[in-house]
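Structure first, commentary second.
The analysis underlying the following values was restricted to heavy atoms, covering all of them including side chains, and did not include hydrogens, waters or symmetry mates. Indexing begins at 1, ligand by ligand and atom by atom, following the structure's order.
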Amino acid sequence: MGGQASIAAVKGFRDVLPNESRLWRQLEATAAEVFAHHDFHPLALPLLERAELFARTLGEGTDVVEKEMYTFEDRDGTMLTLRPEATASAVRAYLDSGLGAQGQAARFWYTGPMFRRERPQKGRYRQFHQIGVEAFGQAEPIVDAEILIMLMHLLARLEVREATLHLGSLGDATCRPGYREQLAAFARDRLEALCGDCHRRLVNNPLRLLDCKVPSCRAAMQGAPVMLDHLCDDCAAHFAAVRALLDGEGVAYALAPRLVRGLDYYNRTAFEITAAGLGAQDAVAGGGRYDGLVAQLGGPDVPAFGFAIGVERLALAAGLTIEPPAPQMAILPLVAEAAGAALSIAVRLRAGGITVLLEPPGRSLKALLRNANRRQARAALLLGGDELAAGRGTVRDLVRGVDHRLALPLDAGASELVRWVREHEEGESAG
Ligand code: AMP
């Protein structure tokens, strides 16, 4: 293998090394617990879907569909897409499972990688991960409030700093078309000030005019009409009820009159959560209501509400670090013949739930001890020629630096060995 060129990872695809990975597991475990308390149930979805699933749901004219999907032809000619998000898949699964047929209520959560060919930067990758929630069959404002409260509670538990809920409403099929027309008319009066992308947005998806990051576009769109001023009576009442429920629970939020979500299928409640420590890409989660999506995918008229948290960003924003577990016992064979006894004791201790660092033989005692100390092992079992001959190991207490002969024979049963390690540790902490 020597002398060959190394192979780089694909741009925008990254490895999640153990320190970060360990934190991710904690984030997911806490999320799973919080979701379970809120009657959400795990759903595992495929990474590949038919391309049309996303083309039909996310909206023509959205960045994701226009330029960010990884779509390819399978060997049988089917067009497939690596999922850019999981809501469309969740709806498909809800319908495929038969739950959707009667518009039954169903509450799911999922986690896993998503793929979007965006321009990579800090907090933005081409493969990234989300933890998400989808609730089907519930249109009432209490559901919006319940889920927002759950999400804010989860972020608080994960010690996310300055988590801020930005809350808006996108109206529905009654009020949005008229608003969209007013917004487009406002933009048409300022055409020369708008960038090329905004010219396209004006034709394809005028709401996205509010989302442009170009400073001259932002300036030109100052004072544009906002959806919140154009909600129909039903949407206004729904939004007021969501707000009243949040207020009643003392959940703070910032009104976001210009909030537009990246994907088209949202209606009514829409939100984003920002947090400190993320730089330019400061949205850690986003979501809202998508009452028309199930019908759009061929199902009955079933309302739905969901959100997704970006795991990479959550890991940056969460105020936690998870230390690797320190080995309770390092097993250090000092001679080649000790390999069998070393492995056998490691197997017995690990079966009893003890965290063991098992070293191969062949290095000096000094090198082995240095490594055991670096790994913060609490004790080391030394297995040299003397110990093998006597059938008893020597245990060195690495916290206090004293040796004792292991009172048990090397072939002692697992439970006896485990008890000995535990008692030894208890004595240590007591002393
Ligand atoms: P979205 O599915 O676009 O509503 O995004 C929901 C959340 O996923 C965002 O708030 C981000 O935290 C995260 N996210 C979206 N796109 C990316 C990306 N390309 N890289 C990393 N995180 C992302």
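- For the residue pair Arg116 / Tyr125, no side-chain donor-acceptor distance below 3.5 Å is found, with atom types taken as modelled.
- Counting heavy atoms only, Phe128 comes closest to atom 15 (C) of ligand 1 of the residues Phe307, Phe128, Tyr266.
- For Glu272, no heavy-atom contact with ligand 1 is shorter than 4.0 Å.
- On a distance-only criterion, Tyr125 and ligand 1 share at least one N/O pair closer than 3.5 Å.
- Screening Ile131, Leu151, Ile273 against Phe307 for a side chain to side chain contact (heavy atoms under 4.5 Å, CB included) leaves a single residue, Leu151.
- Pro42 places none of its side-chain heavy atoms less than 4.5 Å from the side chain of Phe108.
- The shortest distance between side-chain heavy atoms of Met150 and Val133 falls below 4.5 Å.
- Considering backbone and side-chain atoms alike, Ala308 places every N or O at 3.5 Å or more from each N or O of ligand 1.
- Inter-residue side-chain proximity for Lys11 and Arg126 is flagged as met; some heavy-atom pair is nearer than 4.5 Å.
- Contact annotation: for Leu314 versus ligand 1, there are no heavy atoms closer than 4.0 Å.
- Ring centers of Trp109 and Phe40: at least 6.0 Å apart, outside the cut-off.
- Taking a cut-off of under 4.0 Å to the non-hydrogen atoms of Glu118, the atoms of ligand 1 that pass are 16 (N), 17 (C), 18 (C), 19 (N).
- Checked by distance only, ligand 1 and Gln130 come closer than 3.5 Å through their nitrogen or oxygen atoms.
- Proximity of Glu85 to ligand 1 is not established, as no heavy-atom distance is less than 4.0 Å.
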Test side chain to side chain donor-acceptor pair (under 3.5 Å) on Arg107 and Gln138; report intermediate values, then the result.
CA-CA 10 Å; Arg107 291 157 66 106; Gln138 300 173 313; 3.2 Å; yes
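- Below 4.0 Å from some heavy atom of Ala283 lie the following atoms of ligand 1, by number and element: 9 (C), 10 (O), 11 (C), 12 (O).
- Only the side chain of Arg116 comes within 4.0 Å of ligand 1, counting heavy atoms alone; its backbone N, CA, C and O stay farther away.
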